[in-house]
There are 2 protein chains.
Amino acid sequence: MATLDDVARRAGVSTATASRIINGSSKPVSAQLRDRVEAAVADLHYVPNAHARQLARSERTAVGVVVHDVSDPYFAEITRGLQRVATTDGRLVIICNTYRDPARELDYVELLRAHQVAAMVLAGSGYHDPGFARALRGKLRAYELSGGRVAVIGRHDRTGDAVVPDNESGGFLAGEHLYALGHRDIGVIAGPRNLTTTTDRLTGIRRAARAHRRPPPKVVYADFDRDSGAAATADLLAAHPRVTAIAALNDSMAVGALAHLRAVGRRVSVIGFDDMPIARDVTPALTTIRLPLADMGALAMSLALSAPSPSPRVERVPAELVRRESTFPPEE
Amino acid sequence: MATLDDVARRAGVSTATASRIINGSSKPVSAQLRDRVEAAVADLHYVPNAHARQLARSERTAVGVVVHDVSDPYFAEITRGLQRVATTDGRLVIICNTYRDPARELDYVELLRAHQVAAMVLAGSGYHDPGFARALRGKLRAYELSGGRVAVIGRHDRTGDAVVPDNESGGFLAGEHLYALGHRDIGVIAGPRNLTTTTDRLTGIRRAARAHRRPPPKVVYADFDRDSGAAATADLLAAHPRVTAIAALNDSMAVGALAHLRAVGRRVSVIGFDDMPIARDVTPALTTIRLPLADMGALAMSLALSAPSPSPRVERVPAELVRRESTFPPEE
DNA sequence: GGCAGCAAGGTAAGCGCTTTCCTGGGAAAG
DNA sequence: CTTTCCCAGGAAAGCGCTTACCTTGCTGCC
């Protein structure tokens, strides 16, 4: 790999001059030398070593993102928003997939710190685990102490900049919608138990049940992905045959529920959560609770890249009901 | 940010010793010093500076991936496969989204080179543009000369390790399926004209038309995304009302086509391409040409991380017809 | 003519690590 | 009691850049 030294030697100048020309420094340089250096750069296909540069001007340039899995549509949307603002800012984005493994999440935070990222955004890691929460807080704290910026998406047990979707109200909206349609017995396909996303949404639905003086909904837990949603639907209907409506705590599972229902030929209302792109293309089109995922990502990245604020900034993002065709009144 | 120097000073040892302990070097160190250094590391929340480390042991550790857009399901799947093998190998993955901007693609290749990535995988950048192709080849060449490894997914005008899906045969399969069902007049919703993915798939379909002694299909160009697919369907049907089957060159556009047909209440066969996860959940479930996207990604990453081979390795990946419900014989 | 002032370029000191080579002190060997 | 080795540990030389600080040779002014 050609180095600055090679370029300088070839152009017959010092590395200082070569560096100044390459970086467009404000120091004046004669046109002649400039040409020679540029020619050398081209001849050698020289590209400055990013690590050496980073070390020399100790200024942080990349940003890190840690999510469950970029290929999951929920996080894909968030990531899209994140990337938009990061690249507008001319920054390289390093994406880390935790696959919901807390240990891996901690490792990644450390790794990103080691890579001197200017900021990091964490999404989807609200685990109900005090040990993990403490460890994470510690690492983030250390990172911030050294000048790093962090923003989280979703509720985390930590004070700091955050974008938090109103999952509880969203859950309420979902329940409310179903009860208002006349359903009395509703089932919930929940996500993993230890995620706050799950518990918050569930809390909202239970609140709606109380508001309508209905018994609490039947809950069955799944994994936030399509197939587990389908399986959970089967379990739910077997255990509670009188359920006439199902609230799935995300769209992927709702899609799975729809698939199962179609397979067994039952007509049951289904409401999803998130409003992912697929929602409008399944049949029946999925009624769901919309969260502006891409915007949330963008917002989080802006928070992370903006000047640090003395008091934590928490942006609450409202959820909104999107009525489509998968929910309807109970049939007699 | 605490440095190795800080750690060494606090532990009362030299940086050499501290470094050896931290890196688990084979050189023996007394247990006492080891404890002191480890305590210092913990107290200071020390994390080694990845850039300095990379500079010192000039060994490349990260890998780069340049794709159109990770949030596009097609690339999301590929990326998933890529990541799986990269992280198994303990490597950090840097993902770059080009949004199909050739200039950006070139910039990213340079950027990744600057970051000393051990390997890079490019997916979805087969543009029909000689100027671009030459520039890209040049940059990749320079990178490889300096010891970098590259693998591409899809056809690129360059010799080197590659994973190439058999788009042409896939196209043929799609056409064949439609003609065999009895369709005589078929339309094609194509992707961007300058992508080889588009042209290869199209070539296959045209070959099927010739094989069945049918006139060439009517082609209309779109953007590989759902909404452009819906719009293109409208255009196609307006221009050629007698079309009874549509081949969309990817699933996203097929989904758009389905949506448009449902909206206008027309019954027309639709076949997609790729077999993305959504395909089985739309109604009617989408008949499509499957490509093992995640495997392709994994394969490409393995090629890129394996020892360089003297002669380029090209892995051809066959396409396969998946029959579902969106294709049927023409109605009278 | 002498000196300040400036333009153009070079020298060299780091940035935070790793690692080679060296040193001092024992233990083993004679 | 020497001599030889080995072992734990340190000093210092880079890795490839950036940049503060010099040097040199002019121009312009009194």
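Note on naming: letters A, B, ... go to the chains in the order of the sequence lines (proteins, then strands), and numbering restarts at 1 for each one. Hydrogens, waters and symmetry mates are skipped; everything else that's a heavy atom, side chains included, is used.
- Of the residues in residues 48-58 of chain B, those lying under 4.0 Å from DNA chain D by heavy-atom distance are B:L55, B:A56.
- Protein atom CZ of A:R9 is 13 Å distant from nucleotide atom P of C:dT11, rounded to whole Å.
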Side-chain donor-acceptor contacts of residues 102-110 of chain A below 3.5 Å, not counting sequence neighbours, with atom names and distances?
unit_1 : atom_1 : unit_2 : atom_2 : d
A:R104 : NE     : A:T98  : O      : 3.3
A:E105 : OE1    : A:Y127 : OH     : 3.4
A:E105 : OE2    : A:S125 : OG     : 2.7
A:E110 : OE1    : A:K139 : NZ     : 3.0

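- Between B:R60 atom CZ and D:dG16 atom C1' the separation is 13 Å, expressed in whole Å.
- With respect to the salt-bridge test (charged N to carboxylate O, under 4.0 angstrom), the residues B:R80 and B:E77 qualify.
- Rounded to an integer number of Å, the gap from CG of B:D5 to P of C:dC15 is 9 Å.
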Donor-acceptor pairs under 3.5 angstrom involving side-chain atoms of residues 87-95 of chain B: please list them, not counting sequence neighbours.
unit_1 : atom_1 : unit_2 : atom_2 : d
B:T87  : OG1    : B:Q83  : O      : 2.8
B:T87  : OG1    : B:R84  : O      : 3.4
B:T88  : OG1    : B:R84  : O      : 2.6
B:D89  : OD2    : B:R91  : NE     : 2.7
B:R91  : NH1    : B:R60  : O      : 3.4
B:R91  : NH1    : B:T61  : O      : 2.8

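- Across residues 20-40 of chain B, B:R20, B:N23, B:K27 each have a non-hydrogen atom less than 4.0 Å from an atom of DNA chain C (numbered order).
- Here C:dC17 presents its P atom at 16 Å from CD of B:E59, a figure rounded to the nearest Å.
- At a threshold of 4.0 Å, the pair B:D161-B:R149 counts as salt-bridged, since one of the basic side-chain nitrogens sits closer than that to a carboxylate oxygen.
- The C1' atoms of five pairs define one axis at each end of the helix from C:dG1-D:dC30 to C:dG30-D:dC1, and these two axes lie 60° apart (to 10°).
- Nearest approach of B:V85 to B:S302, heavy atoms of both residues: CG2-N, 4.0 Å.
- Between the CD atom of A:Q116 and the C1' atom of C:dC17 there is a distance of 12 Å, given to the nearest Å.
- Of the side-chain N and O atoms in A:T3, none sit less than 4.0 angstrom from OP1 or OP2 of D:dG16.
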Please tabulate, for side-chain N and O atoms in residues 31-38 of chain B, each donor-acceptor pair with protein atoms closer than 3.5 Å (sequence neighbours left out).
unit_1 : atom_1 : unit_2 : atom_2 : d
B:R36  : NE     : B:A11  : O      : 2.9
B:R36  : NH2    : B:A11  : O      : 3.0

